[in-house]
Amino acid sequence: VEFSPNPIPAGASSVLLTAIAYNAQNQVVPSESWQWSSSNSSVLTVAPNGRTATLNIVGAGDALLELKEQESGATLTLQITGATGTAPAS
């Protein structure tokens, strides 16, 4: 499992990611069954739409992004550290 673009552009506060799954022969496997999640929604929000998701840095701090392909159970975890986004006013 991986995502594109990789690496995520430095300083980006919002980015659209596309998930990619591979089989044992390293061939792309089409899948629309993905789970996206953020460990800290005060830093990173995720708006999933199948194999794509929009990530938004909404506050300062650290968060983990987890991407899981549901059929195989393969996962990828991305650590976001030192985000400097500004949280929206409440």
Side-chain angles (χ1 to χ4, degrees):
V1 172
E2 65 179 38
F3 61 86
S4 169
N6 186 8
I8 294 173
S13 61
S14 180
V15 64
L16 177 67
L17 296 182
T18 301
I20 305 164
Y22 295 93
N23 63 18
Q25 290 75 38
N26 206 30
Q27 297 170 326
V28 174
V29 176
S31 175
E32 292 298 324
S33 183
W34 295 92
Q35 178 181 352
W36 301 79
S37 62
S38 169
S39 68
N40 187 346
S41 61
S42 64
V43 174
L44 175 70
T45 63
V46 181
N49 185 17
R51 68 184 206 109
T52 64
T54 301
L55 308 183
N56 294 295
I57 303 295
V58 296
D62 301 335
L64 295 175
L65 168 69
E66 184 173 275
L67 170 57
K68 181 177 183 179
E69 199 282 321
Q70 298 283 60
E71 293 173 25
S72 68
T75 62
L76 172 73
T77 303
L78 174 66
Q79 185 171 4
I80 309 293
T81 58
T84 57
T86 302
S90 53

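Side chains included, hydrogens not; waters and symmetry mates left out as well; all remaining heavy atoms used. Quick caveat, the model's predicted, so the values are computed rather than measured.
- The backbone N or O of G50 sits less than 3.5 Å from a side-chain atom of W36, completing a donor-acceptor pair.
- Between S37 and V46 the shortest heavy-atom distance is C-CG2, 4.2 Å.
- In this structure, Y22 shares a hydrophobic cluster with I20, V28, the cluster being traced through Ile, Leu, Val, Met, Phe, Trp and Tyr side chains under 4.5 angstrom apart.
- Of the inter-residue distances, the one linking L16 atom CG with S4 atom OG reads 9.0 Å to the nearest 0.5 angstrom.
- Atoms OG and CG, from S41 and N56 in turn, are 12.0 Å apart once rounded to the nearest 0.5 Å.
- Checking L64, L65, L67 one by one against T77, the side-chain contact (heavy atoms from CB on, under 4.5 Å) holds for a single residue, L64.
- With rounding to the nearest 0.5 angstrom, the CG atom of N49 is 10.5 Å from the OG1 atom of T18.
- Panel note: side chain S38, backbone L44; a donor-acceptor pair is recorded below 3.5 Å.
- Listed for the D62 side chain is no donor-acceptor partner under 3.5 Å among the backbone atoms of Q79.
- Hydrophobic clustering (side-chain heavy atoms under 4.5 Å, transitive across Ile, Leu, Val, Met, Phe, Trp, Tyr) groups V1 together with L78.
- Residues I57 and L55 are not in side-chain contact: their nearest non-hydrogen atoms beyond the backbone lie 4.5 Å or more apart.
- Under the 3.5 Å distance criterion, the side-chain polar atoms of N23 are matched with a main-chain donor or acceptor of Q25.
- The line from CZ of R51 to CD of E69 is 11.5 Å long, rounded to the nearest 0.5 Å.
- P5 has its side chain within reach of L17: a pair of non-hydrogen atoms, C-beta onward, lies under 4.5 Å apart.
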